[in-house]
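Notes follow the structure.
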Amino acid sequence: MKEYDFLIVGSGLYGAVFAREMSNLGKKCLVIDKRSHTGGNIYCENKEGINVHKYGPHIFHTNDKKIWDYVNSYVEFNNFIYSPLANYKGNLYNLPFNMNTFYQLWNIKSPVEVLEKIKNQVETAGFIQPSNLEEQAINMVGKDIYEILIKGYTEKQWGRKAIDLPSFIIKRLPVRLTFDNNYFNDKYQGIPVGGYNKLIDGLLAGIEVRTGIDFLENRAELSRLADCIVYTGKLDEFYNYRFGHLQYRSLRFEHEYMNHPNYQGVSVINFTEKTIPYTRIIEHKHFEFGKQPGTVITKEYPQEWKPGMEAYYPINDAANSKKLKQYNELVKNEPNVIFGGRLAEYKYYDMHQVIASALTKTKALKETF
Ligand code: UDP
């Protein structure tokens, strides 16, 4: 009989939801994290009363009422609606691609004219079955929008040509023929009142957590503590890169405090030109309608992941998918380890999808007890 039922490696959303669900059933859980804090990449750092999204902007959205009710049972959400802008060569455009954007680009006011314009551009391009992000984007919105709002941003974000990227990435963005700047189509959306740490703290309440502990550095000793390990770190690293590295995009953040109440008037502006090295500027106070006298802005610079860096985005192209299959074969033969979350499943998950994945897993497990 081991000391814990579950050793949960990583205190991000997957680990925290898993630990909560199992603790609710009376299972003994220990959550460890190699960072000095819990929450993974949704962790916020408070600066002069402003919750700074230290690892990039996070906006919670879901269409699933069960997931919405779940998170709301731990923290109240505000009524924030994500409506970022794009800056291209000094001009501002609304996102996602909607009637405001089309008006700003083409000075066209009617949806019928917009449809006609896009249809012409799509027909000229002639991609019947889009096989990559570039073709998919042009098929969705035509060449003008692709050139101005997508190509530059995408190629610096991913460090790859748009023709070498999978099309699903661009399908994340809505295209609509209404004057509606809501970035998401989902029914429920918001930011936790008081920041994301409240959500994580709520999930982990009463559960033993130890930070500053690196599982892979003390694997043998830590593994002896529990019957089952829930691993939420990088999948390839767990297996010591046996089949080589899976690729990730990393990010570098430049945070700046300003003695100024309002820098850009919106939470996020995307910079879609290739020549500007950062992808976006985040002004954190606007996520919570902050009235503080100062402000914190962050410039987000994408970079290729290398050992020692934080991994943010899996790159789900053909080469990495092939390698992932090899690793997933090993996962199948690992009876006492559960792999979950963006890094361990190597999936471009949003927060609600991570929670859904953890809830599906814990529900299946409950049926075996
Ligand atoms: N994208 C773009 N222009 C923009 C915003 C997004 O071309 O102004 C593309 C880009 O390829 C990006 C993808 O859409 O990787 C998904 O964007 P999303 O905002 O969902 O990315 P995240 O917030 O997860 O970084």
Side-chain angles (χ1 to χ4, degrees), residues 13 40-42 53 55-62 80-89 91-98 100-102 104-105 130 132-175 181-186 189 191 247-253 264 266-274 276 278-282 284 287 298-305 310-317 342-343 347-354:
L13 268 179
N41 286 352
I42 69 171
H53 295 213
Y55 303 98
H58 284 77
I59 301 96
F60 197 91
H61 58 96
T62 180
F80 178 81
I81 299 286
Y82 191 44
S83 305
L85 291 164
N87 180 321
Y88 179 77
K89 298 196 171 165
N91 291 317
L92 292 178
Y93 299 91
N94 286 111
L95 292 173
F97 315 120
N98 74 88
N100 289 306
T101 330
F102 307 136
Q104 289 148 354
L105 262 173
N132 57 55
L133 194 155
E134 175 169 301
E135 294 178 3
Q136 178 65 46
I138 294 174
N139 255 19
M140 277 164 62
V141 285
K143 193 124 183 127
D144 289 356
I145 293 182
Y146 174 67
E147 296 289 347
I148 293 171
L149 298 176
I150 299 177
K151 189 178 193 317
Y153 186 97
T154 294
E155 294 193 343
K156 64 185 172 181
Q157 162 71 9
W158 296 98
R160 284 151 180 78
K161 292 209 168 321
I163 50 167
D164 295 325
L165 288 164
S167 46
F168 83 87
I169 292 176
I170 200 67
K171 290 191 198 155
R172 292 167 60 86
L173 305 196
V175 180
N181 299 326
N182 183 348
Y183 199 68
F184 303 111
N185 282 330
D186 287 343
Q189 181 175 171
I191 303 281
Q247 294 176 305
Y248 304 86
R249 280 305 268 175
S250 187
L251 301 169
R252 182 172 67 81
F253 298 103
Q264 63 184 17
V266 65
S267 60
V268 176
I269 299 186
N270 290 351
F271 288 78
T272 57
E273 282 163 77
K274 185 94 186 263
I276 294 179
Y278 45 86
T279 45
R280 49 192 174 188
I281 299 184
I282 301 128
H284 303 268
F287 289 122
T298 301
K299 289 191 177 121
E300 184 174 313
Y301 296 81
Q303 54 188 2
E304 196 65 12
W305 179 88
E310 299 283 357
Y312 289 86
Y313 295 89
I315 300 171
N316 298 105
D317 61 9
R342 209 189 242 212
L343 297 180
K347 284 193 181 149
Y348 188 2
Y349 273 148
D350 290 331
M351 289 179 281
H352 63 291
Q353 294 165 324
V354 172

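Counting convention: from 1, in listed order, for ligands and their atoms alike. This one's a predicted model, so the numbers in the text were calculated from it and none came from an experiment.
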Sub-4.0 Å heavy-atom environment of ligand 1, residues by chain: Leu95, Leu149, Ile150, Tyr153, Thr154, Gln157, Trp158, Ile169, Ile170, Arg172, Leu173, Tyr183, Asn270, Thr272, Arg280, Tyr313, Tyr348
Validation row, ring centre Tyr82 to ring centre His61 under 6.0 Å: no
Ring-face cation contact, Tyr301 with Arg252, 6.0 Å cut, 45° max: yes
salt_bridge(Arg249, Glu304) N-O dist < 4.0 Å: yes
Verdict with supporting geometry, Glu310 and Asn41, side chain to side chain donor-acceptor pair (under 3.5 Å): CA-CA 10 Å; Glu310 299 283 357; Asn41 286 352; over 6 Å; no
Sub-6.0 Å ring centroid separation between Tyr88 and Tyr93: no
Axial cation check for Phe184 ring with Arg172, 6.0 Å and 45° limits: no
